[in-house]
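Working notes, beginning with the structure itself.
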Amino acid sequence: VVGQVSYVGADFVSVLGQTVFVDRGVHAGIRDGSTVAVYGSIDVDTGGIVGASLMDAASAGFAPGASYLTGFVDSVDYSKGMAMVSGMAVDYNALLSSGSAPNVGDMVSVTGRDYAGLGVLIADPQLRLEIN
């Protein structure tokens with residue numbers, strides 16, 4: 001996942017609605033609003049990202065303002081062009097012209113923009129929705 005940090009706890013941070021479990025000290029210097037790239041594995045029991053390492057998104061080669069999320073589709077509202085991906089709302093309306101619509105249970109990777117305060121990742125048609 002790549003996006004803004006919305007919460008920093010003692011042993012976890014929240015990025016794009018994802019709980020990222022980290023060892024104490026791994027997230028030193030990370031603050032709310034920082035944009036980070038997270039590398040780790042999804043724990044099937046908790047849905048959180050475990051064994052994670054964090055780094056500044058720009059240092060990892062991501063464009064400013066871009067967000068990236070990989071996860072499982074929890075639900076889809078086809079009438080609104082919205083999907084819940086690992087608990088994060090994703091607006092995929094801009095991708096419908098290319099025929100990209102996820103289904104519940106799909107593992108997807110979506111790149112777009114996370115507009116602070118909206119609580120939704122807006123898929124970017126110049127980027128992609130990849131259904132694995």
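The structure displayed is predicted, hence computed values, not measured ones.
Between V2 and V15, the closest heavy-atom pair is C-CG1, 4.4 Å. Nearest heavy-atom pair, G112 versus L121, reported as atom, atom and distance to 0.1 Å: C-CD1, 3.9 Å. In plain terms, the two heavy atoms of V108 and P102 that are nearest each other are CG1-CB, 4.1 Å. When every heavy atom of G3 is checked against every heavy atom of L16, the shortest pair comes out as CA-CD1, 3.8 Å. Residue G87 comes nearest to D74 through the heavy atom pair N-OD2, 2.8 Å, listed as atom of the first residue, atom of the second, then distance. Of all heavy-atom pairs between D124 and L95, the closest is O-CD2, 3.9 Å.
In this structure, the side chain to side chain donor-acceptor pair (under 3.5 Å) partners of D77, at least two apart in sequence or on a different chain, are S79. Among residues two or more places apart in sequence or in another chain, the side-chain contact (heavy atoms from CB on, under 4.5 Å) test is passed with T46 by F21, D43. In this structure, the side chain to side chain donor-acceptor pair (under 3.5 Å) partners of N93, at least two apart in sequence or on a different chain, are D91. Y7 is linked by a side-chain contact (heavy atoms from CB on, under 4.5 Å) to F12, S14, counting only residues two or more places apart in sequence or in another chain. In this structure A89 satisfies the side-chain contact (heavy atoms from CB on, under 4.5 Å) test together with M82, M84, V120, sequence neighbours excluded.
Put simply, the side chain of Q18 gets close to the backbone of S86: a donor and an acceptor are under 3.5 Å apart. Not a single donor-acceptor pair under 3.5 Å links the side chain of S109 to the backbone N or O of T70.
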Tell me which donor-acceptor pairs under 3.5 Å the side chains of residues 54-65 have, and how far apart each pair is, sequence neighbours excluded?
from : atom 1 : to  : atom 2 : distance (Å)
D56  : OD2    : A58 : N      : 3.2
D56  : OD2    : S59 : N      : 3.1
D56  : OD2    : S59 : OG     : 3.4

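Rounding to the nearest 0.5 Å places CD1 of I49 at 9.0 Å from OG of S41.
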Exercise for the section: Under the side chain to side chain contact (heavy atoms under 4.5 Å, CB included) rule, what do N103 and Y78 come out as? Steps first, then yes or no, please. Expected result: CA-CA 9 Å; N103 294 300; Y78 295 104; 2.6 Å; yes
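Annotation: side chain of M88 is in contact with side chain of D114 (closest heavy-atom distance under 4.5 Å).
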